[in-house]
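Here's the structure we're looking at; comments come further down.
One is the number of the first residue; the rest follow in order along the sequence. This one's a predicted model, so the numbers in the text were calculated from it and none came from an experiment.
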Amino acid sequence: MASRSSNRRLKNVTKYVPIVVGSIALFQGKKALETQTHKWSCYVRGLNEEDLSYFIKKVQFQLHPSFKEEQYKTIEKFPFEICQTGWGEFDIGIKIFFVDPAEKPVELVHFLKLQPYDGQQQSTKKPVISEKYDEIVFFEPTENFAYILDKGHNRMPQALQSEARGIEDVDMTENRQNQNDESSLMKDVAGEKPLAIGTAAPAGETEESKNATAMKEKQDEKNKPLDRRQFLQYQQQFPADERDLETLQEALDFIKTMVSQAREELIDYEKTVYKNRQQAKEMDFESYQQIDIKVQIYLQAMLNQLNRLQPQAASNASFDFMATDTNYQQFSEYDFDPADRPAIYPHPSYGKYTFPAQEIYQKDWEYACPKFLAEQQNRQGNPLFAIKWMQGGKRILTGTSKGDIITWYVPNFEYEKATSVHKDRVQCMCWSNNERFLISGDKIGNIVYCDSILNQRNMFSAYNQACVRDISFSVSSMKFLSCSDDRTARLFDFVTSQEEICFEGHGSDVKTCDWHPFQSLVVTGSKDNYVKIWDPKSGKEVQSLQCHNNTINQVRWNPINGNWLLTGSRDLSLKVYDIRTMKEFNVFQRHSDQVTVIAWHPFKEELFASASHNGEIIYWQANSGHLHTISKAHTAMVWGMAWHPQGHMLASTSNDHKIRLWGRNKPNEDIPKMPPNIS
């Protein structure tokens, strides 16, 4: 038999491995220490909690710097999880190493959620679980590693036969009872045991409930909800190699039915709890909730599988930047009457006469970009962070967790090149006002200068191993401001790269900063819930605003009038302040998760967009409020957003490894087009 030791890469071969990254946190009660209010665990597991060590060598978790000696933890055997106690929420860096040294490690970011955001009170019996489905993509793996991946997947269906399912469940229960580590204890509390949605209630139940359970067990197998193992067994009946779209669509419809049925059972059980609280078992209802979450995870897995098998279009989409400008120049020669100014025509056939966004004066919704145009996935298989448009608006720059800056060619929306600039995650980027230089900051405190074609000109260490969170140029582009997790913001001279002023006054990590568009003022936002305005000449604090009840994730000056200050926070709200009176101008509350990114329109004074941790994008008007919501713009946390220089498109990057482009609706187009996997 031939030896399988070849390191030759397989051309035009792509392998997908599904994983789930998550965390579980349990409140320790009011008597717990202030620094140990929660016990939590972060983990990387298989879709069916299978052992991933057949292709994962080790997993490194990077915690908050306050953990000091325990900031970096490496787990070299299954299960790949860590357990800690603490009091604050933060981003956990996850680096996955593979058994094949030829494959580069994959970096992920998971936000540790300790407190429920749905208004519920903290409970010592009800854990907070945050899980995200993801896929590790291997482009052209080596022959040996591809064999390992195929062998690992082929073992899964055999272990999930129906006659062995009961024995495995008993073994898993016995193993959980023998484990004494904190992580296993928390998962048992969370009710993560493999239960079917229609399983019977625990011992001690009433005779009436026993009869109801017996009736459920007599139902036809076809109509029973699926547990995790049943789902995986059903999914294996339709392998991806057959490329049978009709069969997969039937399976997808069946899973949607299961999710709907699970939710109905949850509602019925919740009504029972409400009517008879003394006999209801709270932990049993928690088990129902965890099953509902996991069924939705498998639904997302099936959606991703279906999208990969859909036939590709014969030709790539192309975005014409010049048509609207050319039309405007042609018709403007005959525009002698103000009544003839351009407007959105009422019929789609007039789409070719649509004018540039800056020439449409009627309403803000004509500037908003709710329609999905295109998407691309990062070939490196890691999240995309900072994002900026290049001069002219035909290219987009995105920073990756590996330190590269990727260039995307927008007219065909395709990958162009990757430039290695940093040694770690590119957290933020900013163009000089003349767009001749780009400065970027990374996770380990370095700042890099690049020219307009991304040739590196300078690099220096601005912070001692502390993440550079945000960067902003001054009006003259001779100075720039940056902030970091070391609780400071610093002003540097662009020519000499020397620090001139250190702004100290925040009580925790400084998450964001911005330089006023035409005044000598800078603003910073911190994890201590404060927004502070500073004088960059003297370094003195001008004003301090406690405008939110949680971390300030981003602050931005209005680029048109310079009088409005927009803030986005982890408390799910956005606020606009008028700095002339230092008073709150408006409050916006529609996000269901923490606000991560905000962006003013480049020339429309009142329009801005915001994005949240759950992938939601919302368009707002500063005076009137909500305009439009894209509920599932991304399947994970949105890291960055940037408007096109002409204002007719919006680009966004996310933790789901994708960059997506959003545009204006066509004339008389009410329903915006959505990505295929979120419609």
Side-chain angles (χ1 to χ4, degrees), residues 428-435 437 439 441 447 462 468-484 486-495 498-548 551-569 574-587 595 597-608 610 622 643:
C428 53
M429 297 187 296
C430 182
W431 283 104
S432 60
N433 291 330
N434 56 14
E435 297 191 1
F437 295 97
I439 55 175
I447 292 179
V468 182
R469 289 291 178 179
D470 208 352
I471 291 180
S472 180
F473 262 109
S474 67
V475 181
S476 65
S477 297
M478 299 302 296
K479 315 285 183 183
F480 67 89
L481 176 70
S482 64
C483 61
S484 172
D486 66 352
R487 303 186 178 186
T488 66
R490 305 185 184 188
L491 188 148
F492 293 88
D493 183 272
F494 178 71
V495 178
Q498 296 297 316
E499 178 185 329
E500 294 187 349
I501 298 177
C502 181
F503 301 98
E504 297 178 327
H506 284 289
S508 189
D509 305 348
V510 183
K511 295 293 186 181
T512 177
C513 64
D514 195 23
W515 201 301
H516 196 279
F518 38 84
Q519 295 291 339
S520 181
L521 289 173
V522 297
V523 63
T524 57
S526 170
K527 197 174 180 179
D528 62 3
N529 308 349
Y530 278 91
V531 172
K532 294 182 181 291
I533 302 176
W534 311 80
D535 181 2
K537 296 180 180 179
S538 63
K540 295 181 179 180
E541 180 180 325
V542 176
Q543 185 72 27
S544 181
L545 303 172
Q546 188 177 10
C547 50
H548 291 277
T551 303
I552 312 296
N553 282 332
Q554 203 159 59
V555 294
R556 289 293 180 263
W557 297 104
N558 185 290
I560 307 302
N561 59 36
N563 297 323
W564 295 346
L565 177 63
L566 176 63
T567 63
S569 171
L574 300 103
K575 294 186 179 182
V576 177
Y577 279 82
D578 192 327
I579 63 168
R580 294 170 293 185
T581 59
M582 291 298 174
K583 292 184 179 180
E584 188 177 290
F585 179 77
N586 210 340
V587 181
V595 180
V597 188
I598 54 180
W600 287 101
H601 195 273
F603 49 81
K604 179 60 178 175
E605 182 180 21
E606 297 183 7
L607 181 65
F608 66 91
S610 63
W643 290 91

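Counting heavy atoms from C-beta on, the side chains of Val523 and Trp534 never come closer than 4.5 Å. Inter-residue side-chain proximity for Ser569 and Val595 is flagged as unmet; no heavy-atom pair is nearer than 4.5 Å. Counting only heavy atoms from C-beta outward, the side chains of Ile533 and Glu541 never approach each other to under 4.5 Å. With a 4.5 Å cut-off on side-chain heavy atoms, Leu607 and Trp600 do not count as touching. Within the 4.5 Å cutoff, the side chain of Lys479 has heavy atoms near those of the Asp493 side chain. Val597 is not listed as a side-chain neighbour of Ser610, based on a closest heavy-atom distance of 4.5 Å or more. Considering only heavy atoms from C-beta on, Trp557 stays 4.5 Å or farther from Leu566 through its side chain. You'll find the side chain of Phe503 reaches within 4.5 Å of the side chain of Val522, heavy atoms only.
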Exercise. Stepwise, does the salt bridge (Lys or Arg N to Asp or Glu O under 4.0 Å) test hold for Lys537 with Asp535?
Worked result: CA-CA 6 Å; Lys537 296 180 180 179; Asp535 181 2; over 6 Å; no

For this session: May I have the step-by-step check of side chain to side chain contact (heavy atoms under 4.5 Å, CB included) for Ile439 and Phe494, ending in yes or no?
Result: CA-CA 10 Å; Ile439 55 175; Phe494 178 71; 3.9 Å; yes

Problem set entry | CA sep, side-chain torsions, deciding dist, call: Thr488, Arg490, side chain to side chain contact (heavy atoms under 4.5 Å, CB included) | CA-CA 7 Å; Thr488 66; Arg490 305 185 184 188; 3.3 Å; yes

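For Phe585 and Tyr577, the ring centers are positioned 6.0 Å apart or more. Phe473 and Phe437 have their aromatic ring centers separated by at least 6.0 angstrom.
A donor and an acceptor atom, one from each side chain of Asn561 and Glu605, are located under 3.5 Å apart. With hydrogens and angles left out, the side-chain atoms of His506 and Asp528 include a donor and acceptor closer than 3.5 Å. For Lys575 and Thr567, the side-chain atoms include no donor-acceptor pair closer than 3.5 Å.
Using cut-offs of 30° and 60° for the angle between ring planes, the Phe480 and Phe492 rings count as parallel.
Between Arg487 and Asp509 there is no salt bridge, since none of the side-chain N atoms of the basic residue sits less than 4.0 Å from a carboxylate O of the acidic one. In this structure, Arg556 pairs ionically with Asp470, as a charged nitrogen and a carboxylate oxygen lie closer than 4.0 Å.
Distance check, rounded to the nearest 0.5 Å: CG of Leu491 to OG of Ser474 gives 7.5 Å. Atom CD of residue Gln543 and atom CG of residue Leu565 lie 11.0 Å apart, to the nearest 0.5 angstrom. The line from OG1 of Thr551 to CG of Asn529 is 6.0 Å long, rounded to the nearest 0.5 Å. With values rounded to the nearest 0.5 angstrom, Asn563 atom CG is found 5.5 Å from Ile579 atom CD1. A distance of 10.0 Å separates CD in Gln554 from SG in Cys513, rounded to the nearest 0.5 Å. Between the CG atom in Asn433 and the OG atom in Ser476 there is a gap of 8.0 Å [rounded to 0.5 Å].
The two atoms that bring Cys547 and Val531 nearest to each other are SG-CG2, 3.6 Å, heavy atoms only. The two residues Gly505 and Lys532 have their closest heavy-atom pair at O-CE, 3.5 Å. Across Gly562 and His516, no two heavy atoms sit closer than the pair O-NE2, 2.6 Å. For Trp564 against Ala622, the heavy-atom pair with the smallest separation is CZ3-CB, 3.7 Å. Listed here is the closest heavy atom pair of Cys428 and Val468: SG-O, 3.6 Å. Minimum interatomic distance between Ile598 and Gly568 (heavy atoms only, all atoms of both residues): CD1-N, 4.0 Å.
Qualifying side-chain contact (heavy atoms from CB on, under 4.5 Å) partners for Asn586, counting only residues two or more places apart in sequence or in other chains: Phe588.
The closest donor-acceptor contact from the side chain of Ser472 to the backbone of Trp515 lies under 3.5 Å.
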